[in-house]
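Quick caveat, the model's predicted, so the values are computed rather than measured.
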Amino acid sequence: AGLMGGGIAMCCANNRMEVTMLDVSKDALDRGIALIRKNYSRSVQRGTLQESFVKTALSRINITTSYEKFKDCDLIIKTCYYKCLSIIAY
């Protein structure tokens, strides 16, 4: 439920898709939802989205820590963070 996952969730919710975000902990999910709310708030402040649209989009985003919620999904998008290592040749 990080930056990439939140952006994908927003894009899907904006296009009338029901979304379920999964993460390893409730705290991580809460941070993800907070970031999504912040991004939507900026869009409302800029006038690019209306508050009613945002409210509806947010209602389409669900959160979970259980893979059980995905048993009847039509589409699953997996995002993950990879730690990049720099290799310096001497």
Side-chain angles (χ1 to χ4, degrees):
L3 183 63
M4 188 183 330
I8 292 168
M10 289 176 67
C11 182
C12 292
N14 289 352
N15 287 283
R16 299 184 180 106
M17 295 176 74
E18 291 293 323
V19 177
T20 301
M21 289 194 329
L22 171 89
D23 213 316
V24 295
S25 71
K26 179 79 165 76
D27 288 341
L29 288 166
D30 289 342
R31 286 191 304 272
I33 287 293
L35 181 60
I36 288 170
R37 289 183 185 281
K38 182 179 175 181
N39 289 336
Y40 272 133
S41 178
R42 284 187 197 145
S43 294
V44 169
Q45 289 173 355
R46 281 186 250 152
T48 55
L49 294 177
Q50 294 181 353
E51 188 66 42
S52 59
F53 179 88
V54 168
K55 185 176 179 180
T56 302
L58 281 170
S59 73
R60 294 185 186 116
I61 300 175
N62 303 290
I63 60 174
T64 187
T65 56
S66 171
Y67 282 95
E68 183 66 23
K69 301 282 184 175
F70 295 96
K71 66 181 179 181
D72 296 321
C73 282
D74 295 323
L75 173 67
I76 296 174
I77 301 171
K78 170 80 171 143
T79 64
C80 53
Y81 169 78
Y82 292 98
K83 186 175 182 179
C84 296
L85 301 175
S86 297
I87 299 173
I88 302 173
Y90 290 96

K38: partners by salt bridge (Lys or Arg N to Asp or Glu O under 4.0 Å), with sequence neighbours left out: none

Determine the minimum heavy-atom distance between N14 and A57, stating which atoms define it. OD1-CB, 3.7 Å

Residues clustered with L35, ILVMFWY side-chain links under 4.5 angstrom: L3

Once side-chain contact (heavy atoms from CB on, under 4.5 Å) is applied, do any residues pair with Q50, and if so which ones, sequence neighbours excluded? S52

Looking only at atom types and distance, does a side-chain atom of T20 sit under 3.5 Å from a main-chain N or O of N62, one as donor and one as acceptor? no

Please walk me through it: do V44 and F53 pass side chain to side chain contact (heavy atoms under 4.5 Å, CB included)? CA-CA 9 Å; V44 169; F53 179 88; over 6 Å; no

R16 meets the side-chain contact (heavy atoms from CB on, under 4.5 Å) criterion, sequence neighbours left out, with R60

All side-chain contact (heavy atoms from CB on, under 4.5 Å) counterparts of I33, not counting sequence neighbours: M21, I36, R37, I61, I63

Salt bridge (charged side-chain N to carboxylate O under 4.0 Å, His left out) contacts in which one or both residues fall within residues 19-30, not counting sequence neighbours: K26-D30

Would you say the side chain of S59 lies within less than 4.5 Å of the side chain of K55, judging by non-hydrogen atoms? no

List in chain and number order the residues that pass salt bridge (Lys or Arg N to Asp or Glu O under 4.0 Å) with K71, two or more places apart in sequence or in another chain; answer none if no residue qualifies. E68

Same cluster or not: Y67 versus I76, using hydrophobic residues (I, L, V, M, F, W, Y) connected whenever any side-chain heavy atoms lie under 4.5 Å apart? yes

If two hydrophobic side chains count as joined below 4.5 Å and joins carry through other members, does M10 share a cluster with L58? yes

List, by chain and then residue number, the residues other than M4 in its hydrophobic cluster (Ile/Leu/Val/Met/Phe/Trp/Tyr, side-chain heavy atoms under 4.5 Å); write none if there are no others. I8, M17, L75, I77

Mind checking what makes side-chain contact (heavy atoms from CB on, under 4.5 Å) contact with T65, not counting sequence neighbours? L29

